[in-house]
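What you see is a predicted model, and the numbers here were worked out from it, not measured in a lab. In what follows, every heavy atom counts, from backbone to side chain, and hydrogens, waters and symmetry copies are set aside.
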Amino acid sequence: MKRVGIIMHGVTGRMGLNQHLIRSIVALRAEGGVLLSNGERVMPDPVLVGRNAARLEELARKYRIERWTTDLDGALADPNDTIFFDAATTQMRAELISKALDAGKHVYCEKPISDDLDTAIELARKAKASGLKNGVVQDKLFLPGLRKIAMLRDSGFFGKILSVRGEFGYWVFEGDWQTAQRPSWNYRKKDGGGIILDMLCHWRYVLDNLFGPVKAISCLGATHIPERVDEAGRRYVADADDAAYATFELEGGIVAHINSSWAVRVRRDDLVTFQVDGTHGSAVAGLTRCWTQHRVNTPKPVWNPDQPQTIDFYDTWDEVPDNQVYDNGFKIQWEMFLRHVLEDAPWRYTLTEGAKGVQLASLGLKSWAERRWLDVEPLEI
């Protein structure tokens with residue numbers, strides 16, 4: 001069986017470990033490798049790279065991975081490893097990806113690809129000019145809930161789509177009387193924190209791919225919790241935005257509004273929900289489940305504040321059945337990228353798409369600072 005060598009940087013972090021190493025690469029190895037169109041299988045052969053030797057050795061032993069190293073330059077110099085993957089900090093990402101391209105490696109990385117738009121554009125241009133395969137993780141597109149939304153769209157269920165409403169987030173504990181669920185750097189500007197940079201990169205590819213290209217944005221950010229407690233029990237100033245309230249104008253006149261917050265308590269179907277309203281029907285999707293309401297099944301409420309509501313609005317929706325098995329979204333995209341590298345299979349999630357995400361986040365921050373709508377211009381890459 002052939003192998004494909006993958007330099008995996010940043011797998012000691014939460015996302016790099018859980019989604020990319022365990023649920024993607026380790027899972028693909030357990031399945032016997034990636035199946036190509038000619039029937040051949042290729043086995044991912046990762047080398048784990050990071051600064052913490054003890055942790056790398058522990059992970060390699062636990063998941064039966066033969067190779068690990070703290071020498072990134074040495075790993076990049078090995079011609080037997082042709083792909084570089086990064087899931088470490090955003091502030092280091094552009095430099096590392098650029099270095100990997102210089103070493104002749106195909107590159108795949110988490111998003112955002114940079115915390116600066118000019119840097120993101122420069123990186124995307126460099127990747128395009130290199131002729132090397134390149135990609136950015138766009139995992140939300142592969143969520144079962146959003147795949148069901150895509151199926152409904154393709155079937156014509158919605159008719160003309162009018163609007164999209166998104167609710168994302170949950171209460172992240174401050175770290176004093178309960179441990180925070182997210183790392184403290186998320187809430188410090190100097191460390192690349194902030195929910196606008198983190199989440200608007202996601203909303204760009206979700207909106208662009210499912211509903212229509214984003215044409216304009218109006219965004220209001222907030223830092224609702226100004227002080228938190230870090231992993232060592234020390235209080236620190238949380239100066240990065242922990243909530244964003246953004247409205248988007250999409251091509252075709254569709255209006256989208258997405259609230260993103262780490263300071264909201266959940267009373268909805270899931271940690272993220274999207275409601276799509278169209279002339280013929282509506283749908284609400286979470287991470288995995290999706291409910292629909294066609295125009296022939298839409299109830300007819302009447303406003304009367306003097307009487308209790310008689311309609312159970314949740315009961316008037318029908319769930320979309322799971323007529324297929326939905327694999328892990330990160331794993332699906334890894335398979336797609338590996339096939340793109342190995343047999344030039346179709347691929348559209350390049351670093352140019354990553355730069356578009358950084359563009360929307362940058363415009364969101366600017367819109368908040370200037371308190372106005374901003375157009376989303378095409379990027380010249």
Heavy-atom check, side chain of [X] versus side chain of [Y], under 4.5 Å:
X    : Y    : value
T70  : R51  : no
T292 : F157 : yes
F168 : N259 : no
L379 : K356 : yes
L250 : V255 : no

Report task. Could you tell me which non-hydrogen atom of R204 sits nearest to which non-hydrogen atom of Q359, and how far apart they are? Result ->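 Distance-wise, the nearest heavy atoms are NH1-OE1, 2.9 Å.
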
[X] side chain to [Y] main-chain N or O, any donor-acceptor pair under 3.5 Å?
X    : Y    : answer
T223 : A240 : yes
T273 : A285 : no
R93  : C109 : no
R295 : G281 : no

Report task. Evaluate the side chain to side chain contact (heavy atoms under 4.5 Å, CB included) criterion for residues D277 and Q275: first the C-alpha distance (whole Å), next the side-chain angles of each, then the deciding distance (0.1 Å), finally the verdict. Result -> CA-CA 6 Å; D277 290 304; Q275 177 164 335; 3.2 Å; yes

Query raised in the report: After noting the C-alpha distance and the side-chain angles of L72 and L96, does the key distance pass the side chain to side chain contact (heavy atoms under 4.5 Å, CB included) rule?
Result: CA-CA 10 Å; L72 176 59; L96 291 175; 3.5 Å; yes

Report task. Report the residue from R23, R147, K111 that forms a salt bridge (charged side-chain N to carboxylate O under 4.0 Å, His left out) with D139. Result ->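 Of R23, R147, K111, salt bridge (charged side-chain N to carboxylate O under 4.0 Å, His left out) with D139 is met by K111 alone.
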
Query raised in the report: Is there a side-chain hydrogen bond (donor to acceptor under 3.5 Å, both in side chains) between R153 and S155 once you walk through the steps?
Result: CA-CA 5 Å; R153 177 204 61 195; S155 74; over 6 Å; no

If you measure only the distance, is there a donor-acceptor pair under 3.5 Å linking the side chains of [X] and [Y]?
X    : Y    : value
T352 : K128 : no
N328 : Q19  : yes
D242 : H224 : no
T247 : H257 : yes
S184 : R188 : yes
R348 : T350 : no

Examine [X] together with [Y] and report whether their ring centres are nearer than 6.0 Å.
X    : Y    : result
W203 : F274 : yes
Y187 : W185 : no
F85  : H20  : yes

Requested in this report: Start with the C-alpha distance between D73 and K99, add both sets of side-chain angles, then the distance that settles salt bridge (Lys or Arg N to Asp or Glu O under 4.0 Å), and finish with yes or no.
Outcome: CA-CA 9 Å; D73 290 339; K99 194 173 186 178; 2.6 Å; yes

Query - Full working for side chain to side chain contact (heavy atoms under 4.5 Å, CB included) between V107 and I83 - result: CA-CA 6 Å; V107 296; I83 297 173; over 6 Å; no

Query - Aromatic plane relationship, F173 with W177 - under 30° parallel, 30 to 60° tilted, over 60° perpendicular - result: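 Answer is perpendicular, since the angle exceeds 60°.
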
Query raised in the report: Could you walk me through whether M8 and V49 pass the side chain to side chain contact (heavy atoms under 4.5 Å, CB included) check?
Result: CA-CA 6 Å; M8 299 193 72; V49 183; over 6 Å; no

Requested in this report: Report the residue from Y349, F142, Y108, W347 that forms a ring pair (Phe, Tyr, Trp, His ring centres under 6.0 Å) with W334.
Outcome: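 Of all the options given, the one that passes is Y108.
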
Requested in this report: Just do the side-chain hydrogen bond (donor to acceptor under 3.5 Å, both in side chains) check on N80 and R3 with the steps written out, would you?
Outcome: CA-CA 9 Å; N80 295 309; R3 65 175 285 282; 5.2 Å; no

Requested in this report: Decide yes or no on salt bridge (Lys or Arg N to Asp or Glu O under 4.0 Å) for R289 and D322, but give the supporting numbers first.
Outcome: CA-CA 8 Å; R289 303 174 71 183; D322 289 323; over 6 Å; no

Requested in this report: Just do the side-chain hydrogen bond (donor to acceptor under 3.5 Å, both in side chains) check on Q293 and T316 with the steps written out, would you?
Outcome: CA-CA 7 Å; Q293 186 176 92; T316 61; 2.9 Å; yes

Query - Gap separating the CH2 atom of W368 from the SG atom of C219, nearest 0.5 angstrom - result: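 With rounding to 0.5 Å, CH2 (W368) is 8.0 Å from SG (C219).
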
